[in-house]
Amino acid sequence: MTGMLLDALDSVEWDELETASPHDQVEVVPLTLRRLVLTGAEATEEDCYPLYSLVTREGHVTPSAAVAALPFVVALAADPTMGARVELVELLVAMQAPTLADEDWTGAWALLADPEAAVRRAAIPLAAGIERLLERWRVETDPTVRIPLLLALGEAVAGEAGVGMTGGAADDALAVLADVLGGDDPVLWVAAVHASAGLDRGLPVRQIGRLIEVFSDLTLRPRFEEVWYTPGIDGPWTREDLVRSTARELAYDPDAELSFAVRLAEDAHCTGDAALCREALDVAWRLLTERRSVEAALLPLAGGLLADPDGAVRLRAANVLAVLGPVAAPYADRLAELLDDEGADEYLVGTVGEIARWALARIGDPRALPGLIAQLRAQEEEQGRSYAASDPRRPDAKDVLIPLRPHVDVLLPAMREAIRQGGARGGATRAFLEVLETWGEEALPALPDLLPLLADTWTSMHVVGVLMAMGPAAASAVPALRACEVLDHPGNHHAVASAAVRIGGDRAAALRFFGDAVLAADEPGYGSIGAPTTDFGLDAAPYADRVRFAMGNGTHWPRLTAAIKLWSITGRAEPSMQILEEFVLPIAEDGDGFGFFREALQALIRMGEISPAIRAALLTIRQSDRRLSTDGGYPMILHDEELRGLVEQTLACAGPRSGETC
């Protein structure tokens with residue numbers, strides 16, 4: 001056999017063939033095949049990697065070398081003495097392409113009956129039709145192969161139904177699915193539900209009670225991991241994997257999907273099944289970040305789970321309550337009891353105590369304040385941990401502190417001390433500077449601690465932002481500001497000069513400075529159009545034409561900013577209102593330009609009026625269930641909360657207010 005394969009390899013004119021990429025030399029293909037033949041039982045997955053140059057890339061023609069190599073790959077995969085057989089079968093699956101359909105796949109189809117279960121399982125995608133899948137189903141006894149066969153049957157029948165092909169083998173496959181759905185094997189029954197969902201998407205919803213019963217049965221948990229395998233995925237599926245996948249099958253019915261997660265978590269809590277409870281809460285968290293309507297159902301669930309014996313469950317419950325904010329107030333006492341709770345999860349960032357403190361801060365409970373700055377400082381100074389953006393996690397310092405502006409008198413002394421101790425390179429310094437910038441003039445007592453930071457390029461520009469936010473109240477910082485060190489970039493030097501003029505208190509000088517910048521603004525960004533001409537109103541009229549030009553010729557942020565500036569100069573709603581509509585109306589139609597949307601809403605609030613089109617759009621947005629964010633995880637909820645608050649303020653400005661703003 002070895003000699004025959006080697007001779008056959010030598011007889012192919014490989015030099016005349018091509019791989020999928022010019023970077024993959026075609027001579028590597030016969031060399032790799034030869035190595036596999038000679039290595040035999042010692043061949044590994046890594047030995048197969050070069051042959052993926054035979055796989056058709058999306059949008060490209062099938063490489064000619066694939067036709068020549070196909071019989072060799074089939075022969076190697078079928079050889080019972082060969083190593084890496086499963087990997088070779090997976091390679092055959094990847095090589096499938098319409099242009100190879102007329103080649104001889106007989107040997108590949110024979111792998112469906114291979115003595116080795118792992119090979120049979122990997123070969124299922126090669127079946128190319130319901131008939132072969134049914135043929136295998138009728139004789140297959142290994143449960144690790146029967147489950148992927150059943151799933152493949154469901155997918156194949158759904159595919160044929162989608163193109164209007166019914167009858168014959170399709171009816172036989174439907175009978176198989178119906179038979180398993182009526183059977184006694186609960187794990188195989190779950191597989192049949194999944195396999196049938198493509199044909200009857202309401203089936204998982206109708207069977208939600210039994211699905212919960214099966215997943216909640218602790219005696220069945222190991223059974224899933226013993227038998228549930230799918231081609232192309234290393235290792236078995238766990239029960240928790242199937243819970244997640246089943247929730248996705250329920251997604252077309254949001255109420256059912258939520259009910260599934262909540263009932264699973266409740267049952268798991270009652271039986272002490274921490275693994276199932278964690279998974280159900282992860283499903284619930286995903287739903288919470290996607291839909292506002294989920295909040296009411298999760299509030300009592302999370303509140304009850306604060307007492308769960310499992311730290312990872314308590315952590316997830318505390319995260320839910322934290323993002324829910326003030327409505328979680330009924331659980332404030334319980335959260336306060338958890339401030340020293342070190343419960344954690346190896347895959348999530350933060351402890352129960354840290355998240356409980358954040359939850360109290362979101363509620364507005366003063367018990368969150370003692371030790372908060374120390375906790376956030378330690379958080380910022382520790383080595384960073386990776387995390388998935390969509391998962392629950394410890395919040396960034398700014399997200400905790402910015403809303404606590406009413407408590408600046410309590411928090412600022414500790415922040416100042418942290419800045420003094422850490423200096424410019426302190427791990428928490430820049431995070432705290434970001435908070436002080438949003439607090440603006442109320443952070444003025446920290447001014448003496450900020451001036452030394454102007455001497456370090458690591459923090460100088462951050463301090464410039466804080467001084468700008470403080471405004472003329474920080475005028476004493478002008479000499480230090482003009483002498484500060486900034487990175488050698490024109491934009492930074494301009495920012496320093498802008499800040500000095502801004503806080504200097506000379507209104508006429510500031511108007512000249514920013515007005516000249518507006519006149520000098522160039523395409524395509526019109527960057528200086530963003531200068532604070534809003535502060536000058538009609539006094540900035542000499543610059544209106546330049547702003548109007550930028551509005552008519554810019555796009556995105558420059559166009560939006562120019563529209564806002566033009567209104568501030570002229571005091572007239574039009575044509576600025578038409579431009580603002582461009583950034584509001586698309587959100588009502590599932591647009592995702594939320595940064596522009598925020599700026600537009602803030603401008604409309606200052607203007608004190610909205611157009612009928614904007615009003616209609618905002619009413620639609622108000623009723624929408626989706627989160628107004630694309631950031632993932634807890635920021636989606638916080639940003640949605642912020643934008644919806646602005647929507648309400650904007651709607652309150654529905655009529656002209658004679659120059660007043662909302």
Side-chain angles (χ1 to χ4, degrees), residues 258 261-262 265-266 269 277 280-281 284-285 287-308 311-343 348 350-376 379 392-411 435 438-439 622 625 627-629 633-649:
L258 175 60
V262 171
E266 291 172 341
H269 175 61
C277 194
L281 284 175
W285 174 263
L287 300 179
L288 181 60
T289 62
E290 293 172 354
R291 303 198 302 266
R292 299 167 53 238
S293 59
V294 171
E295 297 177 3
L298 295 191
L299 178 61
L301 173 67
L305 292 176
L306 287 177
D308 193 272
V313 169
R314 296 195 304 277
L315 178 64
R316 286 165 169 80
N319 269 285
V320 170
L321 293 177
V323 297
L324 290 180
V327 297
Y331 304 100
D333 289 344
R334 181 69 187 118
L335 288 163
E337 294 171 0
L338 298 176
L339 289 176
D340 295 322
D341 191 329
E342 295 296 321
L348 302 180
T351 66
V352 174
E354 290 171 333
I355 304 304
R357 190 181 299 277
W358 179 37
L360 288 173
R362 290 266 295 152
I363 290 169
D365 192 305
R367 286 174 288 187
L369 302 181
L372 177 59
I373 298 300
Q375 175 185 305
L376 294 174
Q379 169 184 319
R393 65 177 174 90
R394 185 173 59 193
D396 296 336
K398 64 181 177 64
D399 292 324
V400 179
L401 293 173
I402 288 174
L404 295 178
R405 188 171 184 167
H407 302 284
V408 64
D409 57 327
V410 176
L411 298 172
V435 175
T438 65
W439 286 356
R622 173 197 268 173
D625 196 27
R627 296 293 186 186
L628 303 179
S629 175
Y634 82 80
M636 290 194 72
I637 301 171
L638 301 192
H639 295 165
D640 177 71
E641 181 181 90
E642 176 196 2
L643 287 177
R644 289 184 182 278
L646 291 174
V647 166
E648 294 304 319
Q649 290 184 58

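All heavy atoms count here, side chains included; hydrogens, waters and symmetry mates do not.
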key: For Asp333, all residues meeting side-chain hydrogen bond (donor to acceptor under 3.5 Å, both in side chains), sequence neighbours excluded   =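 With neighbours one apart ignored, the set is Arg367.
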request  = Please name all residues satisfying side-chain hydrogen bond (donor to acceptor under 3.5 Å, both in side chains) with Thr438, sequence neighbours left out, ordered by chain then number.
outcome  =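 So Thr438 forms no side-chain hydrogen bond (donor to acceptor under 3.5 Å, both in side chains) with any residue.
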To the nearest 0.5 Å, what is the distance between [atom1] ([X]) and [atom2] ([Y])?
{"X": "Leu306", "Y": "Leu335", "atom1": "CG", "atom2": "CG", "value": "5.5 Å"}
{"X": "Leu638", "Y": "Ser629", "atom1": "CG", "atom2": "OG", "value": "9.0 Å"}
{"X": "Glu641", "Y": "Met636", "atom1": "CD", "atom2": "CE", "value": "14.0 Å"}

In the structure I gave you, are the side-chain heavy atoms of [X] and [Y] within less than 4.5 Å of one another anywhere?
{"X": "Leu369", "Y": "Leu404", "answer": "yes"}
{"X": "Leu628", "Y": "Arg644", "answer": "yes"}
{"X": "Pro366", "Y": "Leu360", "answer": "no"}
{"X": "Arg393", "Y": "Leu348", "answer": "no"}
{"X": "Leu338", "Y": "Ile355", "answer": "no"}
{"X": "Thr289", "Y": "Ile637", "answer": "yes"}

key: Short N-O contact, Arg334 and Glu337, less than 4.0 angstrom   = yes
ask   = Any salt bridge (charged side-chain N to carboxylate O under 4.0 Å, His left out) pairs touching residues 314-330, not counting sequence neighbours?
value = Asp282-Arg316, Arg314-Asp341, Arg316-Asp345
message = side-chain contact (heavy atoms from CB on, under 4.5 Å) for Leu321 and Leu299? Distances and angles first, verdict last.
response = CA-CA 7 Å; Leu321 293 177; Leu299 178 61; 3.7 Å; yes
Could you pull out the closest heavy-atom pair between [X] and [Y], with the gap in Å?
{"X": "Ala318", "Y": "Ala359", "answer": "O-CB, 4.4 Å"}
{"X": "Cys277", "Y": "Val313", "answer": "SG-CG1, 3.9 Å"}
{"X": "Ala265", "Y": "Ala280", "answer": "N-CB, 3.6 Å"}
{"X": "Ala368", "Y": "Ala361", "answer": "CB-N, 3.4 Å"}
{"X": "His269", "Y": "Asp308", "answer": "ND1-OD2, 2.6 Å"}

ask   = Quick one: does Gln379's side chain have a donor or acceptor within less than 3.5 Å of a partner on Pro395's backbone?
value =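 Looks like yes, one N/O pair under 3.5 Å.
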inquiry  = If we check salt bridge (charged side-chain N to carboxylate O under 4.0 Å, His left out) with Asp640, which of these qualifies: Arg622, Arg627, Arg291?
reply    = Arg627
message = Let's go through Arg357 and Leu376 carefully: what are the C-alpha distance in whole Å and the side-chain angles of both, what is the deciding distance for side-chain contact (heavy atoms from CB on, under 4.5 Å) to 0.1 Å, and is it a yes or a no?
response = CA-CA 11 Å; Arg357 190 181 299 277; Leu376 294 174; over 6 Å; no
task = Kindly write out the residues that satisfy ring-ring contact (aromatic ring centres under 6.0 Å, His included) with Trp358, not counting sequence neighbours, or none if the list is empty.
result = Tyr634
task = Kindly write out the residues that satisfy ring-ring contact (aromatic ring centres under 6.0 Å, His included) with Tyr331, not counting sequence neighbours, or none if the list is empty.
result = none
Neighbour count above 12 (heavy atom, 6.0 Å) for Asp625 CG = yes
inquiry  = Among Leu281, Val320, Leu305, exactly one meets side-chain contact (heavy atoms from CB on, under 4.5 Å) together with Leu298. Which residue is that?
reply    =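 The passing option is Val320.
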remark   = Applying salt bridge (Lys or Arg N to Asp or Glu O under 4.0 Å) to Glu266 and not counting sequence neighbours gives none
